[in-house]
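Just below is one structure, and these are the notes that go with it.
Keep in mind that what you see is a predicted model, and the values were worked out from it rather than measured.
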Amino acid sequence: MPTVELILRDDEGRIIDHRSTRTYSLDWRNQSLHCIEGAVEEFKKNALPDLQADLLEAAQNIFIQDKKRLDLQWDNTHQD
């Protein structure tokens, strides 16, 4: 059975999160156009929500890290 592997990487090529490597099986019984289309649709139904969740989580983590960094800078510049 063929598989598709998705790896979510940042701009430097590092894997963003341990969950970012996922493997999806493409279930087609024969190589008819109908079965291939069905396998691709099933892949999209399974993979796209996972990808969206990973991207949102990565963006949230970046936002939190940036906020912590800015808060630390603020604290350092406004100490008495």
Please report the interatomic distance [atom1]([X]) to [atom2]([Y]), rounded to the nearest 0.5 Å.
X: L56; Y: N61; atom1: CG; atom2: CG; answer: 11.0 Å
X: I7; Y: T23; atom1: CD1; atom2: OG1; answer: 8.0 Å
X: D54; Y: T21; atom1: CG; atom2: OG1; answer: 9.5 Å
X: E42; Y: C35; atom1: CD; atom2: SG; answer: 12.5 Å

query = Is it true that atom CD of E5 has more than 12 heavy atoms of other residues, nucleotides or ligands lying nearer than 6.0 Å?
reply = yes
task = Would you indicate whether the side-chain heavy atoms of L72 and K68 approach each other to under 4.5 Å?
result =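 No; the side chains remain at least 4.5 Å from each other.
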Any idea which heavy atoms bring [X] and [Y] closest together, and the distance?
X: I36; Y: Q31; result: CD1-O, 3.6 Å
X: P49; Y: K44; result: CD-O, 3.8 Å
X: F43; Y: L6; result: CZ-CD1, 4.2 Å

inquiry  = Once side chain to side chain donor-acceptor pair (under 3.5 Å) is applied, do any residues pair with Q52, and if so which ones, sequence neighbours excluded?
reply    = none
